[in-house]
Amino acid sequence: MSTFLEAPPAAHRTRTSPSQVPATRTASFPPPDPGGSLRLTVTRPDPTTAVIEVEGELVAATAPRLAHLLGPRLTSTLRTVVIDLSAVTFLDSTGLRVLVHARHQAAVTGRTLELITGPGAVQRALENIGLKTRA
């Protein structure tokens with residue numbers, strides 16, 4: 001199951017009319033994720049920086065979620081976007097493609113994109129395709 005720790009899109013928010021009392025408790029459950037699980041957490045340590053923590057499997061079924069989250073941040077007023085991949089357990093070519101595209105988009109828009117990895121296969125995969133990282 002994939003989760004985002006930000007406000008859900010407007011289409012998923014509970015809609016009420018002025019005469020209705022807002023629901024006190026709502027829940028939404030994302031559809032099952034056949035390709036593994038991915039958890040994305042966004043923090044803003046300062047007004048010009050966003051840190052995206054990625055946890056789980058960054059594979060064909062989950063990588064589009066990261067791409068969807070990155071797009072607006074790489075075209076906003078942010079100067080730096082940090083992607084923390086230290087909790088990624090598996091990374092396939094689709095995940096790599098999202099990161100390469102993000103690096104290109106950051107360069108084109110004049111932003112800094114930093115990739116943080118832990119030791120292991122994720123860091124080696126990124127280094128093998130020429131993406132600079134920091135552990």
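Start at 1 with the first residue, then count along the sequence. Worth knowing before you read on, the calculation uses all heavy atoms, side chains too, and leaves out hydrogens, waters and symmetry mates.
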Using only atom types and a distance under 3.5 Å, with no angle test, would you say the side chain of [X] pairs donor to acceptor with the backbone of [Y]?
X	Y	value
R111	V81	no
R39	V54	no
T62	E57	yes
D84	V51	no

Of the non-hydrogen atoms in [X] and [Y], which two are nearest, and what is the gap between them?
X	Y	answer
H68	P72	O-CD, 3.2 Å
A106	L74	CB-CD2, 4.0 Å
A60	P64	O-CD, 3.3 Å

Roughly how far, to the nearest 0.5 Å, is [atom2] of [Y] from [atom1] of [X]?
X	Y	atom1	atom2	answer
T89	L38	OG1	CG	9.0 Å
T109	R73	OG1	CZ	14.0 Å
L58	T94	CG	OG1	8.5 Å
L115	E127	CG	CD	11.0 Å
I116	I83	CD1	CD1	10.0 Å
R79	D46	CZ	CG	12.0 Å

Pick one: which of T80, T112, T43 meets side chain to side chain contact (heavy atoms under 4.5 Å, CB included) with T49?
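Result: among T80, T112, T43, T80 is the only option passing the side chain to side chain contact (heavy atoms under 4.5 Å, CB included) with T49.
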Under the side chain to side chain contact (heavy atoms under 4.5 Å, CB included) rule, what do T48 and T77 come out as? Steps first, then yes or no, please.
CA-CA 7 Å; T48 63; T77 59; over 6 Å; no
Would you say that R44 contacts L78 through its side chain, given a criterion of any heavy-atom pair below 4.5 Å between the two side chains?
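A side-chain contact under 4.5 Å exists here.
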Steps toward side chain to side chain contact (heavy atoms under 4.5 Å, CB included) verdict (L85, Q123)
CA-CA 9 Å; L85 301 166; Q123 183 168 350; over 6 Å; no
Could you walk me through whether L99 and L66 satisfy the side chain to side chain contact (heavy atoms under 4.5 Å, CB included) test, starting with their C-alpha distance in whole Å, then the side-chain angles of each, then the deciding distance to 0.1 Å, before giving a yes or no?
CA-CA 9 Å; L99 297 172; L66 177 59; 4.2 Å; yes
Under the side-chain hydrogen bond (donor to acceptor under 3.5 Å, both in side chains) criterion, do T41 and E53 qualify, and how do the steps go?
CA-CA 5 Å; T41 306; E53 295 177 34; 5.2 Å; no
